[in-house]
Protein chains: 2
Amino acid sequence: MLCFAIYGAAHAFTRAYKPLLEPLGLTYPQYLVMMALWAEDGQKVKMLGDRLGLDSGTLSPLLKRLEQSGLVKRKRDAEDERQVKITVTQQGLELKERSSGVMAAIGKATGCSLDEVTALREALVELTERLEGAGEK
Amino acid sequence: MLCFAIYGAAHAFTRAYKPLLEPLGLTYPQYLVMMALWAEDGQKVKMLGDRLGLDSGTLSPLLKRLEQSGLVKRKRDAEDERQVKITVTQQGLELKERSSGVMAAIGKATGCSLDEVTALREALVELTERLEGAGEK
DNA sequence: CATAAATCTATTGCACGCAATTGAATTGCG
DNA sequence: CGCAATTCAATTGCGTGCAATAGATTTATG
């Protein structure tokens, strides 16, 4: 059952990240969103959703919590008021520094060489694309 | 980001299963539980939790919904009244037949050879064990 | 034997994840 | 231009996932 192996691995990752992210006051999905924003600030909700594979039903409350924590600002775009632009605050930038150890700790926990990680990641991306392609017919 | 690839693949699987399981009235986690019970009937909640990596907080309401649907029965074990034994009903057994096409459809959607699937699965199980081992220290 | 410790299920509270709907804003078409 | 179709974010409802806790039962300990 490949499905079950992935299911278990995904949860194992979430559990592994949890103790590392807790001191930062972030959940795992929130951390993914912050990483996306650190990589490119000022993204619209739609853009984040496409990149992370999440819809507005998930992102809206998540972003609201990040705003509540003072990490991001949400603002309607002046040119297209349907869109909401998310910008990282000073506090959000500081969190980036404080979270620098997280990636390293996870890399160590996986105990994989860089080659192994790369191969596995590519296989999974490939698989994901095939599954999504099949679903759309 | 390996974490992100797994995160995406897990959701892609869930989405791929969804249209197949909907006609059966099952969610993906419910399907996993039913598969575990079809493989071995009469399991206790604890046993299911260990095998699927879920705790009682997740399983209790899930099993209650399966009972509501008439697929399983929950009964306190006579020998140890702390435990609850889950048994598949006649209706639950009939569902097994009706779901026989699901696995095949997913296998096809992945578009992987048996060797690829096996290799990927083993890599993920290995990774999961390392992550869990690291967490327990 | 009585009591403390451990085990097991259920409940509560919070945070996703997604379908479906709503409401506002923009685009396209006649 | 004017109205319909589209796009986008937010909301609602349901089903996980998990920590923390509670309650009941069994086991271990003195």
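To find a chain, count down the sequence lines: A is the first, B the second, and so on, and within it residues start at 1.
At whole-Å resolution of the value, NE2 in His11(B) and C1' in dG15(D) are 13 Å apart. As rounded to whole Å, 11 Å separates atom C1' of dC14(C) from atom CD of Gln30(A). Atom P of nucleotide dA19(C) and atom CG of Leu59(A) are separated by 14 Å, given to the nearest angstrom. Atom-to-atom, CG of Leu66(A) to C1' of dA15(C) comes out at 12 Å; the value is rounded to the nearest Å. Atom CG of Leu52(A) is separated from atom C1' of dC16(C) by 13 Å (rounded to the nearest Å). In this structure, Leu54(A) places its CG atom 13 Å from P of dA9(D), rounding to the nearest Å. If you measure from atom CZ of Arg76(A) to atom C1' of dA9(D), you get 6 Å, rounded to the nearest angstrom. Between the CZ atom of Arg74(A) and the P atom of dA9(D) there is a distance of 11 Å, rounded to whole Å.
Between Tyr17(B) and Tyr31(B), the ring planes are tilted. Angles from 30° to 60° get that label.
The partner of dC8(D) is dG23(C), by the rule that a Watson-Crick or G-U pair needs both atom distances under 3.5 Å.
Judged by distance alone, the side chain of Thr89(A) and the main-chain N or O of Leu71(A) form a donor-acceptor pair under 3.5 Å. A donor-acceptor pair under 3.5 Å is formed between the side chain of Ser99(B) and the backbone N or O of Lys96(B). With Thr27(B) contributing its side chain and Gln30(B) its backbone, the two residues share a donor-acceptor pair below 3.5 Å. A donor-acceptor distance shorter than 3.5 angstrom exists from the side chain of Gln43(B) to the backbone of Ala36(B), with no hydrogens or angles considered.
Residue Tyr7(B) has its side chain nearest to dG17(C) when only dA9(D), dG17(C), dT11(C) are considered. Checked against dT11(C), dG17(D), dA9(D), the side chain of Gln83(A) finds its nearest nucleotide in dA9(D). Of the listed nucleotides (dT9(C), dT16(D), dC16(C)), dT16(D) has the atom at the smallest distance from the side chain of Thr27(B). Set against dA9(D), dT16(D), dT25(D), the side chain of Val84(A) has dA9(D) as its closest nucleotide. Nearest to the side-chain atoms of Arg65(B) among the listed nucleotides dG17(D), dC18(C), dG15(D) stands dG15(D). Distance from the side chain of Asp55(B) is smallest to dA19(D) among dC8(C), dG17(C), dA19(D). Residue Glu81(A) places its side chain closer to dA25(C) than to any other of dA25(C), dC18(C), dT16(D).
Between Glu22(B) and Pro29(A), the residue anchored nearer the 5' end of DNA chain C, judged by the nucleotide with its closest heavy atom, is Pro29(A). Looking at which nucleotide of DNA chain D each of Val45(A) and Ala78(B) is closest to, the 5′-most match is held by Val45(A). Of the two residues contacting DNA chain D, namely Arg15(A) and Ser60(A), the nearest-nucleotide position lying further toward the 5' end is that of Ser60(A).
Judged by distance alone with a 3.5 Å cut-off, no donor-acceptor contact links the side chain of Arg82(B) to the base of dT9(C). The base of dA10(D) sits within donor-acceptor range of the side chain of Ser56(A), with an N or O pair under 3.5 Å.
Put simply, Lys64(B) has no side-chain N or O that comes within less than 4.0 Å of OP1 or OP2 on dA10(C). Note on Lys18(B): every side-chain N or O is 4.0 Å or more away from OP1 and OP2 of dA19(C). The phosphate of dG17(D) (OP1 or OP2) has no side-chain N or O of Thr58(B) nearer than 4.0 angstrom.
Classification of Lys75(A) and Glu81(A) as a salt-bridged pair fails, no side-chain N sitting under 4.0 Å from a carboxylate O.
Within the 4.0 angstrom heavy-atom criterion, only backbone atoms of the sugar-phosphate kind lie near Glu79(A); the bases stay farther away. If you check every strand for non-hydrogen atoms under 4.0 Å, Gly49(A) touches nothing.
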